[in-house]
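Notes for the one structure printed next.
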Amino acid sequence: MVEHRPIVTFVSHLVLIFGVAIIAFPIWITFVASTHEAARMVQIPLPLLPGDQFFKNLELTLFKGLEGAGAPPVGFMMVNSLVMALMIAVGKIAISLISAFAIVYFKFPFRMGFFWMIFITLMLPVEVRILPTFEVVANLGMLNTYWGLSIPLIASATATFMFRQVFLTIPDELLEAARIDGAGPMRFFVDILIPLSRTNIAALFVILFIYGWNQYLWPLLVTTDQSMYTVVMGIKQMLEAAEQSPDWHQIMMTSLLAMLPPVFVVVFMQRLFVRGLTETEK
Amino acid sequence: MAEIHLNKVHKSYGADEVLHGVDWHIRDGEFVVIVGPSGCGKSTLLRMIAGLEGISQGEISIGERVVNDLEPAERDIAMVFQNYALYPHMSVYNNMAYGLKIKGIAKDEIEKRVNRTAEILEIRDYLKRSPRQLSGGQRQRVAMGRAIVREPSVFLFDEPLSNLDAKLRVQMRLEIKKLQERLGITSVYVTHDQVEAMTLGHRLMVLNGGYVEQLGTPIELYERPATAFVAGFIGSPSMNFLDAKISEDGKKAVFPGGDALDLPGDLAKHANHRVTVGMRPEHLQVDEGKSETTSQTVQVVEHLGADTLVHGTFGSGNSDLIVRLKGIRTIGKGEVLPLAIDPRNIHVFDPDSGKRLDS
Ligand SMILES: Nc1ncnc2c1ncn2[C@@H]1O[C@H](COP(=O)(O)OP(=O)(O)O)[C@@H](O)[C@H]1O
Ligand SMILES: [Mg+2]
């Protein structure tokens, strides 16, 4: 239904602008705060327009960090976050691709049993199994390592299901043609299944990267060493800096920086992302 | 080049048997067609030859080798699928080259073979395109190219033309026939379309419900169908079937309305038995002044241009009868046509088993 009455156009724009403002305003404030000196940020009223300290704050935050709060430089934490998010995203995709491949294309005893076991893990996210998982990670000596940060988050029922659906849409004749061409199971997987799931992999990568990047509770538990802090938990750490008022200009700069990588990933992979979620023809 | 032996081949899915023992010797270089209605087990049989389905009982050999336990790739076959099954993410060139790459054939040899095949099929211009950018007919050619480039000893086709429009189908049919003659590679072709089967095959296998009804050349199937099923399946419009009784002396078929027709031979051993009499529409002709043998009361007339189809009832009874007359005829509804048929064109079948009855 397409309406052309001006009042409708006006109201719909109003609603949209209102929605955008609600989302954009906090981000604007974050940006503004990151461009002023520390002293300006504790005066009332708070500034609504940017100051001139952006690059100075940027350098300070990235390379020195909040020494008083016991947090490493933010640049450092961002590298940790990046490694963790990539390991989680790539690991989840790799494991789910392989398990979906096994479930769809192989007949083995208790196949449906395994299928349901994977299904049940949907009910057991990290938050639920956090104590036993911590125990395991600690006993394996993986505290304060990238492995400890990422491995417990890698198993993924959702992604396994998604790839299972994707594989089920691939016609059997393609498998048969490949068998006649002499492709064994791994060749079929690498040469045909993975390229055909390309867009789905990209879409999933976007979602999983953001999921990994935004992890808070788990990194908080398994890292005690400053050198392993991730940026999302680092923000919280800065707020709790004892015996002084929070350094808002740096905290806000950190938040801004923490927002950037997910935005980049979405922007650069948008085309593939949309195709991966909507494309049906194989 | 190879011959194929099927030896008492059975197929069951669980307790369901879908093929009940197929024996066939396909000669080297022969083009054979498996034809039958949908669900009769044609594809299953072809896929068993290809190695895509297991063999429940019996033995299949290609050339000198029993292939029961060989993987499809080890059987030296190539297959063309109904939906083409082209790899959607690969260019036409790579679709054709993929199997050769896996075989470990050298790059320049692959290039030579793909180019030569593309030349034969006139698809050189599309080698760089992806299958998505091709029309149905072009995809069909690429699928054939992928089979030819492997230089197999057997080609297998599973209804390769059924996704094309009618005109293209006729054209590709001819091309497949020419190509097979040129390459001389043993080919097994599956179709439900009797015209395709008749025009393509050196020999045909008619399958029905997992049983082989008849094996033979197109002409044998047309002239001496072994069962009423084959008689009705081959030819269009379909053969007329009429209930009758064999006369006391075994020389005539007597119809319920009292009409009688001479039989090709002496069926005295079936005297007084109920039979089914089959007559092809094109074998019934209007009797021009000669001794009239039977007649048809006309109901509907269809003009095909080259032929005229006359629908009506047979003789003085009320069984349906179709007659195919040459050329354009002006015939009115309700008219009674005097008809004649050469006794050699009359087929007699057992009404229960459907088997052909001969003298
Ligand atoms: N994987 C299967 N499992 C059970 N029954 C099957 C399977 N594949 C085919 N059939 C049955 O076998 C019969 C023959 O099928 P098919 O060979 O595909 O027939 P068509 O002559 O149409 O190619 C059909 O009745 C079909 O239902
Ligand atoms: Mg079929």
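Chain letters run A, B, ... following the sequence lines, proteins first and then strands; every chain starts at 1.
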Lys103(B) atom NZ: more than 12 heavy-atom contacts under 6.0 Å: yes
Nearest non-hydrogen partners of Pro195(A) and His89(B), listed with the distance: CB-CD2, 3.3 Å
More than 12 heavy atoms from other groups under 6.0 Å of CG on Asn214(A): yes
Any residue of residues 51-61 of chain B which, by heavy atoms, sits under 4.5 Å from chain A: Gly51(B), Leu52(B)
Contact listing (chain A partner; residues 31-50 of chain B; heavy atom under 4.5 Å): Arg47(B)
Phe119(A), CZ atom: more than 12 neighbouring heavy atoms under 6.0 Å: no
Pairs flagged by ring-ring contact (aromatic ring centres under 6.0 Å, His included) wherever residues 107-131 of chain B is involved - sequence neighbours left out: none
Enclosure of Phe106(A) CZ (heavy-atom neighbours >12, cutoff 6.0 Å): yes
Structural part of Ile77(B) lying under 4.5 Å from a heavy atom of chain A: both
Members of residues 176-193 of chain A whose heavy atoms come closer than 4.5 Å to chain B: Glu176(A), Ala177(A), Ala178(A), Arg179(A), Ile180(A), Asp181(A), Gly182(A), Ala183(A), Arg187(A), Asp191(A), Ile192(A)
Within 6.0 angstrom of Tyr146(A) OH, more than 12 heavy atoms from elsewhere: yes
Nearest non-hydrogen partners of Leu196(A) and Pro88(B), listed with the distance: CD2-CG, 3.5 Å
Greater than 12 external heavy atoms within 6.0 Å of Glu181(B)'s CD: yes
